[in-house]
There are 2 protein chains.
Amino acid sequence: MRRKQEVTIVDVAMAAGLSPSTVSRVLNQKGYYSAENEQKVRHAVESLGYRPSWSARSLKGAPTRVVGLIIPDISNVFYTTLAGALLARMRVLDYDMILCVNDENAQLDLNYLEMLQQKGVDGIFYTHPAHGNNSVHVRRLVAEGLPIVELNRQREKNFLDAVLPDNFRGVHQAVEYLASLGHRRIGFISGSAEITTGHERLLGYQSAVRLLGLDDDPALLKIGAFTRQHGEQATAELLALPNRPTALIAGSNRISMGALMVMGQAAIRIPDDMSVIGYNDTEWLTAWNPPITAVDIAVDEMAQLAVDLLHRRVSGGNGGDGKPVTYHLSTSLIIRQSCRKIG
Amino acid sequence: MRRKQEVTIVDVAMAAGLSPSTVSRVLNQKGYYSAENEQKVRHAVESLGYRPSWSARSLKGAPTRVVGLIIPDISNVFYTTLAGALLARMRVLDYDMILCVNDENAQLDLNYLEMLQQKGVDGIFYTHPAHGNNSVHVRRLVAEGLPIVELNRQREKNFLDAVLPDNFRGVHQAVEYLASLGHRRIGFISGSAEITTGHERLLGYQSAVRLLGLDDDPALLKIGAFTRQHGEQATAELLALPNRPTALIAGSNRISMGALMVMGQAAIRIPDDMSVIGYNDTEWLTAWNPPITAVDIAVDEMAQLAVDLLHRRVSGGNGGDGKPVTYHLSTSLIIRQSCRKIG
DNA sequence: AAGAAATGTGGTTACGTTTTCACATCGCCG
DNA sequence: CGGCGATGTGAAAACGTAACCACATTTCTT
């Protein structure tokens, strides 16, 4: 069953007593046409309810005004807020978005990349899956002229435009803050170090701990997945330590959730028994009792920069052919009531 | 700057020493072709890396294999999980999705509807905005043969296919449960009664209260918006009541968050001082201390039914022309530890 | 005033695909 | 052996649009 275009540019031309060429020019505001004919065309378009066929347009090589967004996980608030911010920014540029969720799966990710190319999107916002590596295919797409902007995670330095949070400084800052409150044993629950987000945050923690001369006990560092489950288990382990840490930093919002739950169950009072800092500020952290201090990633600014980057490439000529640009967005520590002064 | 198709069906035909017609037949598995030529074609496709042009295909009237999803709010977990479930289900049918967020705004909503039609999507999953009404335009799209499935909210009975939660029973059930624990003064914080979700939940509350002969004090009912803010204010008001309720039902996840926050700040112990039931089960409710009992909407099943409905329409003939179907999904009360027995 | 440039218009083609249509060739039956 | 359905193929015509070209007409330059 296929629906046909009920009214075409030819119908409009007939109704206006003009040629399709003129109608096209008016509609695209390209080339010359008289004000009088513009009126005729606009009137005919209005009364016939004409809508240009998108397929025909893009077949002729016009931009599709559609971009792809590939994220690994739609159940993660971070990615949905990022998606929302991108969507809002792209909307004002009159772009629409095909949403793809690769579930951290390289095969699915590849399917999406190919599909997006085939559908002729003008560009892709891309967060690569944690497992597997499609950089060969990504290279091909880029070589064929498809602009891709990496979001949040970076697979390879200076190959694609990228907008990344300053993971290193984010955790560094959190550790500094806790140290300034007198904490010397600070636990850190890290996500996987195989992707930049995990790796850089981990480095930030280690660097800060050494720089400030804090307790460098390896038992305080729990490396695992970016999951609530890991957050739960790692927290339980940290609490079970003979000399447990006085403060704890969670490496992601998922991890924060797990950590907070376990501490609630264990009747650990925050901040009296344990100071806590979350990563990726989310709404429910502010609703928590007490409200949780967190490292905030400026998602709106990430979106703005990513959109700028992609838009520059896609609208071509001017700055479209430059070297890849990487933005590192500074994070900020939002201080609430989950950390206390000690010692 | 426009990118061109680097390898077309003609190139494949040349490479295989055949005509484009034959290649097309092989690729679409339509009409007659020999096994020998099929091999040639497949080989040529492989070695040239040919990908059919989506624009050209859909220009010829082929389904675009893209659907639209219009939701009012991407920062609401309910809609993102719904979107995720739809996405996963559509993926196995080889459909992709354009994500549209109307921000509860009728003008934006209209833009999206028109855009989706123009882009030639095969169907739309639709949650109408709370404010304004585009049903005239929706009617036009439907009349022009575009299948639309309403999600979660329904504007008009039996006009479109719709998949709705059984809001009435959901709240009814929650009230029954609280009554069975001995509660007689139960507060209900309702969202806007101008959309079905709010209206039906409200009716469910009122009906249950009367049926069970509970306290029918109008002060226990707080009607407002589906926002955290309303949840906060309404909860504060309920707590300030001379004889405050012993239990509280929140009309949405946003409202739940506001309610829980205010109660935390007011040092109300759950469930000792107040029993609480949330609406729309979300992950953070399970992480709360104590874990919050909630009315759960079967989002996965909603998605499955919606996909079935849309797929039936879009794949045409068989059941595509029937009367609109409305599914009401039964909700379930997930009992955790936020309600206690009294009296 | 004459040529060049700017303004305006319509016919035609091309984008890449699917779908007729016409034409073969084969096997089979009466 | 004539005919006929089944099988296989390619040439050509769409689908709706924008770009290109050819041609007018006007307006600006020297």
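Since we're looking at a predicted model, the values are computed, not measured. So you know, we letter chains A, B, ... as the sequences are listed, proteins then strands, and number each from 1.
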Separation of [N] [atom2] from [X] [atom1] (nearest whole Å):
| X | N | atom1 | atom2 | value |
| --- | --- | --- | --- | --- |
| Lys119(A) | dG16(C) | NZ | P | 18 Å |
| Asn37(B) | dG8(D) | CG | C1' | 9 Å |
| Arg51(A) | dT17(D) | CZ | P | 12 Å |
| Ile9(B) | dA11(D) | CD1 | P | 14 Å |
| Glu38(B) | dG8(D) | CD | C1' | 14 Å |

Checklist outcome for this item: Among dT9(D), dG16(D), dG16(C), the one nearest any side-chain atom of Tyr33(B) is dT9(D)
Item to check | Leu59(B) side-chain proximity, nearest of dC15(D), dT9(C), dT9(D) | outcome: dC15(D)
Should [X] be listed as having a side-chain N or O under 4.0 Å from OP1 or OP2 of [N]?
| X | N | result |
| --- | --- | --- |
| Ser58(A) | dT17(D) | no |
| Tyr50(A) | dT17(D) | yes |
| Ser24(A) | dA18(D) | yes |
| Asn28(B) | dT18(C) | yes |
| Arg57(B) | dG16(C) | no |
| Tyr32(B) | dT7(D) | yes |
| Lys30(B) | dT19(C) | yes |
| Ser19(B) | dT9(D) | no |

Item to check | Residue whose closest nucleotide on DNA chain D lies nearer the 5' end, Thr8(A) versus Gly31(B) | outcome: Gly31(B)
Checklist entry - Which residue lies toward the 5' end of DNA chain D, Ala56(B) or Leu18(B), if each is placed at its nearest nucleotide? => result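 Mapping each residue to its closest nucleotide by heavy atoms, the 5'-most match is Leu18(B).
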Next on the checklist: Could you check whether Gln304(B) and Asp300(B), counting side-chain N and O atoms only, form a donor-acceptor pair closer than 3.5 Å?
Outcome noted: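 Judged by distance alone, the side chains do not pair up.
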Do the side chain of [X] and the main chain of [Y] share a donor and acceptor less than 3.5 angstrom apart?
| X | Y | answer |
| --- | --- | --- |
| Arg89(A) | Ala306(A) | no |
| Asp122(A) | Arg65(A) | yes |
| Asp73(B) | Glu104(B) | no |

Do [X] and [N] have a side chain to base donor-acceptor pair shorter than 3.5 Å?
| X | N | answer |
| --- | --- | --- |
| Arg25(B) | dG10(D) | yes |
| Lys60(A) | dA19(D) | no |
| Ser21(A) | dG11(C) | yes |

Next on the checklist: Salt bridge check, Glu38(A) against Arg42(A): does any charged N sit closer than 4.0 Å to a carboxylate O?
Outcome noted: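 Looking at Glu38(A) together with Arg42(A), the answer is yes, because their closest N to O distance falls below 4.0 Å.
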Checklist entry - Is it true that atom CD of Glu114(B) has more than 12 heavy atoms of other residues, nucleotides or ligands lying nearer than 6.0 Å? => result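 Counting other residues, nucleotides and ligands, CD of Glu114(B) exceeds 12 neighbours.
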Next on the checklist: Just to be sure I understand the rule, does Pro20(A) reach a base, reach only the sugar-phosphate, or reach nothing, if contact means heavy atoms closer than 4.0 Å?
Outcome noted: nothing
